[in-house]
Amino acid sequence: MLIRSFPAGVFGTNCYAVAPGPGQECVVVDPGMDAVEPLARLLADDGLKPVAVVLTHGHLDHTFSVLPVCDGYDIPAYLHPADSGMLADPARWHGPALAPLITGARLPDPAEVRPLDDGAVLPLAGVELTVRHAPGHTRGSVVFSLDLGEAPGLLAGDVLFAGSVGRVDLPGGSWEDMLRSLRDVVLPLDDATVVLPGHGPATTVGRERATNPYLAEAAAGAGAPPARRGL
């Protein structure tokens with residue numbers, strides 16, 4: 001499995017390209033702010049041809065470039081229905097601190113947006129992505145499980161980071177939902193699972209199980225919400 005990534009925009013959102021190998025079709029994950037040109041260079045370096053964009057959730061820092069990427073390559077986007085509408089009115093979903101900066105911004109949906117359903121298996125570009133709905137950061141947050149060859153993988157979006165989890169203080173966020181998602185979606189995964197997060201470095205489920213205080217709180221069924229990270 002070939003995984004390529006780069007941090008996009010001022011929030012350093014990880015944009016991924018996932019393919020069976022060089023010179024093949026690929027899936028693009030979370031093309032965020034200022035992602036169009038670096039994504040084009042990344043794809044050219046490995047001779048990759050995108051067939052779809054999959055979005056872990058609807059926040060601006062993960063979706064800003066979805067329209068030009070989808071239109072430019074004539075490919076569909078996939079988004080959980082609970083986050084539909086977040087592109088059209090991003091200011092509503094980003095809280096009072098950020099809303100003044102993006103009030104009036106409109107990010108029209110791509111020509112084709114397909115729904116992500118919990119438990120669905122998406123066979124895209126020779127890669128099978130298993131969708132798990134994991135609300136908490138947003139109502140429509142999802143993670144994608146995949147086989148990396150040597151280990152299981154998890155495209156975690158803003159559900160799980162190295163040492164932390166996604167913030168829950170923006171509209172649509174819920175610490176109770178996040179605890180359930182961590183307990184029911186993340187904690188049952190194999191310790192060897194490689195976590196490819198929406199921000200920051202990769203980690204493993206085993207490392208986070210041993211060191212991440214929020215996973216410990218989820219296992220115990222209690223705890224305080226996380227500090228802010230990303231959008």
Practice prompt. Starting from the C-alpha separation in whole Å, work towards a yes-or-no answer on side-chain hydrogen bond (donor to acceptor under 3.5 Å, both in side chains) for N14 and S5.
Written response: CA-CA 6 Å; N14 291 328; S5 67; 5.4 Å; no
Practice prompt. Flag the pair H199 / F11 as yes when their ring centroid distance falls below 6.0 Å, and as no otherwise.
Written response: no
Worksheet item: Is there side-chain contact between N212 and L160, with heavy atoms separated by less than 4.5 Å?
Response: yes
Fill in: Close side-chain approach of L182 and M178, heavy atoms under 4.5 Å
yes
Worksheet item: Would a hydrophobic clustering, with Ile, Leu, Val, Met, Phe, Trp and Tyr connected at side-chain separations under 4.5 Å, put V28 with V127?
Response: no
Response to the item:
Separation between NE2 (H80) and OG1 (T138), nearest 0.5 Å, reads 9.0 Å
Item to complete: Report yes if some heavy atom in the side chain of V66 is under 4.5 Å from a heavy atom in the side chain of P110; otherwise report no.
Response: yes
Worksheet item: Are L122 and L146 in one and the same hydrophobic cluster, where Ile, Leu, Val, Met, Phe, Trp and Tyr link if side-chain heavy atoms are under 4.5 Å apart?
Response: yes
Worksheet item: Is any side-chain heavy atom of V53 closer than 4.5 Å to a side-chain heavy atom of Y73?
Response: no
Discussion item. Would you say V143 ends up clustered with Y78 if hydrophobic residues are merged whenever their side chains have heavy atoms under 4.5 Å apart, either directly or through other cluster members?
Written reply: no
Worksheet item: Is V195 linked to V142 within one hydrophobic cluster, defined over Ile, Leu, Val, Met, Phe, Trp and Tyr using a side-chain heavy-atom separation of less than 4.5 Å?
Response: no
Worksheet item: In the single-linkage hydrophobic clustering (I, L, V, M, F, W, Y; side-chain heavy atoms under 4.5 Å), do V29 and L55 co-cluster?
Response: no
Worksheet item: For D74, does the CG atom sit with more than 12 other heavy atoms under 6.0 Å from it, leaving out its own atoms?
Response: no
Worksheet item: To the nearest 0.5 Å, what is the distance between CG (L43) and NZ (K49)?
Response: 12.0 Å
Worksheet item: Parallel, tilted or perpendicular for W175 and Y214, by the 30°/60° rule?
Response: perpendicular
